[in-house]
Amino acid sequence: MDDQQLQKFIASLALEGLVTQISDADQMLARDHAENIPSEQNYFHYFRVTKSALENIERAKDLLAQDIKYILDMPSGHGRVLRGLRWLFPTQTIYACDTNIDGVDFCAENFNAVKVYSSSDLDQVKFPKQFDLIWCGSLITHFNQKMAYDLLKLFINNLATQGILVISSHGDTVIRRMINGETYGLKQNHLYDLINDYYRQGYGYCDYADNSGYGLSLIDKSWFEKMSQQMNFQVLEYRDAAWDNHQDIILIKKV
Ligand SMILES: C[S@@+](CC[C@H](N)C(=O)[O-])C[C@H]1O[C@@H](n2cnc3c(N)ncnc32)[C@H](O)[C@@H]1O
């Protein structure tokens, strides 16, 4: 895409100075199927998602009692949001964590992040710091209940007291999109089961085809409240579809 046009768009988002370099391996930049080339609209959407994440992160910043020194982005991917964190927090220490090694390396090289390679076994993931702020965009959205529990536990154990976790999740807006025909890569009968489980028990999950242990989840607010009684955290805010008018955002404080 033409750089001048892109910079004009970045300015319209009030994100002047944001690093706009995108890795060829970044799966979050949608590409035209026929030619595998991202369209202008794909670029615009990518950076709108960065901006929308930052709006939620700024809300957390307002609610935080302490200064922010250490930040974690997990899963960082290739830095769709981490570039925004670096823009908003130019001097703070930001950790990039993902199972995608190329993504973590890209974040270290381009956004001065500290690398932590993740694992599908979350018990193996270790951080050398306690974080004041954790951003988790679109990970619990792919986990079953056991993995989701382990992920929340990992975050709470690695948050400083009074620190805030900003986590995205699929809720009612995603269900509406499913009812309107979006499949999210799942078969129709699996979608029905997923939605049924969400309404019956507050948590629905289905593996993607040929991908045991990684799929799509739907999580009700009540599930996070239930978890808050088992771990030392408090749900500060539940923001419906607050990330890109799509995923819900939950602000969680360690107590
Ligand atoms: C939908 S992408 C979101 C990436 C990024 N947050 C963004 O918004 O651009 C999901 C990411 O989760 C990562 N992932 C999957 N399992 C993981 C795990 N156990 N630990 C850390 N990252 C994981 C994938 O490699 C992928 O980069």
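Keep in mind the model is a prediction, meaning the values are calculated, not measured.
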With sequence neighbours left out, what residues match [X] under ring pair (Phe, Tyr, Trp, His ring centres under 6.0 Å)?
X    : value
Y46  : none
F111 : F106
F131 : Y95, F127
F233 : none

Given a cutoff of under 4.5 Å between side-chain heavy atoms of I, L, V, M, F, W and Y, with clusters grown through shared members, what are the other residues clustered with Y117?
I101, V104
Identify, with sequence neighbours excluded, every residue that meets salt bridge (Lys or Arg N to Asp or Glu O under 4.0 Å) alongside [X].
X    : value
K115 : D105
R80  : none
D150 : K146

Partners passing side chain to side chain donor-acceptor pair (under 3.5 Å) against Y184 (at least two apart in sequence or in another chain)
R177, H246
I'd like a table of donor-acceptor pairs (distance under 3.5 Å, sequence neighbours excluded) in which one partner is a side-chain atom from residues 4-21, with atom names and distances.
{"from": "Q5", "atom 1": "NE2", "to": "E40", "atom 2": "OE1", "distance (Å)": "2.9"}
{"from": "Q7", "atom 1": "NE2", "to": "D3", "atom 2": "OD1", "distance (Å)": "3.4"}
{"from": "Q7", "atom 1": "NE2", "to": "T20", "atom 2": "OG1", "distance (Å)": "3.4"}
{"from": "S12", "atom 1": "OG", "to": "F9", "atom 2": "O", "distance (Å)": "2.5"}

Checking D240 now: which residues fulfil side chain to side chain contact (heavy atoms under 4.5 Å, CB included) with it, not counting sequence neighbours?
K221, Y238, D248
Tell me every residue that passes side chain to side chain contact (heavy atoms under 4.5 Å, CB included) with S39, counting only those two or more places apart in sequence or in another chain.
Q41, N42
